[in-house]
Amino acid sequence: MATKETLNTQSNDPSFSHILDELQWRGLVALSTDEKELRAALSKPITFYCGFDPTAPSLHLGNLVQLLTMRRLQLAGHNPLALVGGATGLVGDPKPNSERTLNDRETVAAWVEKLAEQNRRFLDFDGKNAAQMVNNLDWTSEYSAIDFLREIGKHYRVGKMISKDAVSARLNSDAGISYTEFSYQIMQGLDFLELYRRYDCVMQTGGSDQWGNLTSGTDLIHKVEGKSVHLIATPLITNADGKKFGKSEGNAIWLDSELTSPYAMYQFWLNTDDADVIDRLKVFTFLTRAEIAEYEQMVAEEPFKREAQRRLALEVTELVHSKQESESARDASLALFGSGDLGSLDQKTLSSALAELPSAKLPRGAKIIEALVATGLVESNSEARRAIEQGAVSVNKVKIGSEDEALEPLASMSLAVISKGKKNLAGVFFSG
RNA sequence: GGCAAGUUACCCAAGCGGCCAAAGGGAUCUGACUGUAAAUCAGCUGGUGUAUGCCUACGGGGGUUCGAAUCCCUCACUUGCCA
């Protein structure tokens, strides 16, 4: 993968003497099992795992928190197992408000492949403490219902299962909960047990919203094997303004460049709130404590320069995509937002900037409305008209007053920049 | 298995024969102010495009009626109580 070189540049901050100290400083430990024991366990190389369920064709920023936590642990000498939920994805973990719709087996299997592929870009699968990929379908598919109920189910008390947040929230909601989703915690417990047996895996990491499912495994191992194993739960990343983190225009930010372009990724991070940017640098970059302290000062003294946001955007875009794509995204952002005068840019700069944006090929003389729809800036003609009425639409940075105005190419070029609002830009390439 | 209540747009939720493309929140989007920030204020939010039109939409299907989100039947799902 193109990001192998990026992996090689990563390291933990040597100013921390214990990996747990660094994780805590980065705000990555929301909950954990007994800290003393955890600290002791982490002082020598251990094997740990984190699971990713195939609920979509790509991982998103929430998963990136997990991936980076795993990577930091790997850099500290521990052995990561990246688990893809070929089995748990067929069942579905309980969401707080609604029952999931089951995806068919082919879809889940295809998504498993995609998630596995993405995992390979964030962890090192070569070298001395190489990561390994595991799929829980490998050990669950061989269980018969009877074996499952006798060997695993017997260790679970319904009272305790019901009291877990994810389940009780659903029991108290209108949606209720199916037996299928109710059983999810048992499957996750089984995963940990199997990995403990097969790989001597003694720690699991995951999101704090999964705490109930994480403890399912430690409890099971304690009962069956009489051993204490460990957990680290990362906090749910939230924004200072209370809005959901990791969404842009209501859509998730995906790690797959087909779903979220490097440019969109860069823009997302560039728009990080001042109040959040330092926390984000800690969680999503490998900058050291000292470097981040410098940015903290910059944010306090000259927030309008947005140095921290720029660095954050560049770093994370490189991490998720590549150095080259990250720099292109940055250059495109500078070109399109910078001077305000697109005419001063040469065709080459502008073309490469537009390549980062959604775009459409249209015949000369096409209507502005057509361009808005064709580029995907709006979803319907009505929405396009509404946007124009609201004064949201510009062509080549010049505001459009009426839908009848001509869609002119920029200067002597055969392209135009069309925008809805300040941040939604698209390119139009004229043919003929 | 029985009884009761419920299923409304992205989410919550009102409406209980015509004035319903559906109140009110929330969320997204847009404008102003700014730093591509936050906060604040304002506006939009089914489609078609200009027709007091038409199409689609109040869980699915069927019916009553000039007219149904609203009444009836039926199916599915959800919740609660009883078994």
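Quick note on labels: first sequence line is chain A, next is B, and so on, each numbered from 1.
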Only pairs with both distances under 3.5 Å count, Watson-Crick or wobble alike; so what is the partner of [N] in this structure?
N      : value
A13(B) : none
C19(B) : none
C41(B) : G31(B)
A51(B) : none
C58(B) : none
G6(B)  : C77(B)
G1(B)  : C82(B)

What protein N or O atoms touch nucleotides 54-61 of chain B N or O atoms at under 3.5 angstrom, if any, and at what distances?
none

When the distance from [atom1] of [X] to [atom2] of [N] is rounded to whole Å, what number comes out?
X       : N      : atom1 : atom2 : answer
D404(A) : G49(B) : CG    : P     : 14 Å
L171(A) : G80(B) : CG    : C1'   : 13 Å
Y179(A) : U78(B) : OH    : P     : 16 Å
K422(A) : U34(B) : NZ    : C1'   : 7 Å
R280(A) : A37(B) : CZ    : P     : 17 Å
E383(A) : G49(B) : CD    : P     : 15 Å
E403(A) : U48(B) : CD    : C1'   : 13 Å
L270(A) : A37(B) : CG    : P     : 9 Å

If you compare every side-chain N and O of [X] against the phosphate oxygens of [N] (OP1, OP2), does one of them come in below 4.0 Å?
X       : N      : value
R386(A) : G47(B) : yes
K423(A) : A37(B) : yes
N424(A) : U36(B) : no

Euclidean distance for [atom1], [N] against [M] (whole angstrom):
N      : M      : atom1 : value
C44(B) : A23(B) : P     : 12 Å
G15(B) : C20(B) : C1'   : 9 Å
C3(B)  : C66(B) : C1'   : 38 Å
G49(B) : C33(B) : P     : 33 Å
U30(B) : G80(B) : C1'   : 45 Å
A69(B) : U56(B) : P     : 13 Å
C16(B) : G6(B)  : C1'   : 14 Å
A21(B) : A57(B) : P     : 14 Å

Mind checking if [X] touches a base, just sugar-phosphate, or nothing, with heavy atoms under 4.0 Å?
X       : result
E389(A) : nothing
D274(A) : base
A175(A) : sugar-phosphate
I177(A) : sugar-phosphate

Please determine which of D93(A), N213(A), D53(A) meets the side chain to side chain donor-acceptor pair (under 3.5 Å) test together with Y184(A).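 The residue from D93(A), N213(A), D53(A) that satisfies side chain to side chain donor-acceptor pair (under 3.5 Å) with Y184(A) turns out to be D53(A).
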Which of these passes side chain to side chain donor-acceptor pair (under 3.5 Å) with D219(A): K160(A), Q185(A), H155(A)?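 Option passing the side chain to side chain donor-acceptor pair (under 3.5 Å) with D219(A): K160(A).
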Are [X] and [Y] in a cation-pi setup, meaning NZ or CZ lies under 6.0 angstrom from the ring centre and within 45 degrees of the ring axis?
X       : Y       : answer
R289(A) : F16(A)  : yes
R280(A) : F245(A) : yes
R72(A)  : F286(A) : yes
R364(A) : F430(A) : yes

Let me know, please, whether E379(A) or S333(A) comes out on the 5' side of the other along RNA chain B by nearest nucleotide.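 So the residue in question is S333(A).
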Give the intermediate values and the outcome of side chain to side chain donor-acceptor pair (under 3.5 Å) for residues Y156(A) and S216(A). CA-CA 9 Å; Y156(A) 282 83; S216(A) 174; 2.7 Å; yes
So for [X] and [N], does any side-chain atom that can act as donor or acceptor lie under 3.5 Å from a complementary atom in the base?
X       : N      : value
S382(A) : G46(B) : no
Q390(A) : G31(B) : no
N381(A) : G47(B) : no
E99(A)  : U78(B) : no

Candidates [options] - which lies nearest the side chain of [X]:
X       : options                : answer
S380(A) : G49(B), G47(B), C33(B) : G47(B)
K399(A) : A32(B), U48(B), G43(B) : A32(B)
N271(A) : G35(B), U30(B), A37(B) : A37(B)

Students often mix this up, so state it plainly: with edges at 30° and 60°, are the rings of Y49(A) and F192(A) parallel, tilted or perpendicular?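 Taking F192(A) first and then Y49(A), their aromatic rings stand perpendicular (interplane angle over 60°).
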Kindly check if the number of other-residue, nucleotide or ligand heavy atoms within 6.0 Å of [atom1] ([X]) is above 12?
X       : atom1 : answer
K305(A) : NZ    : no
K95(A)  : NZ    : yes
Q324(A) : CD    : no

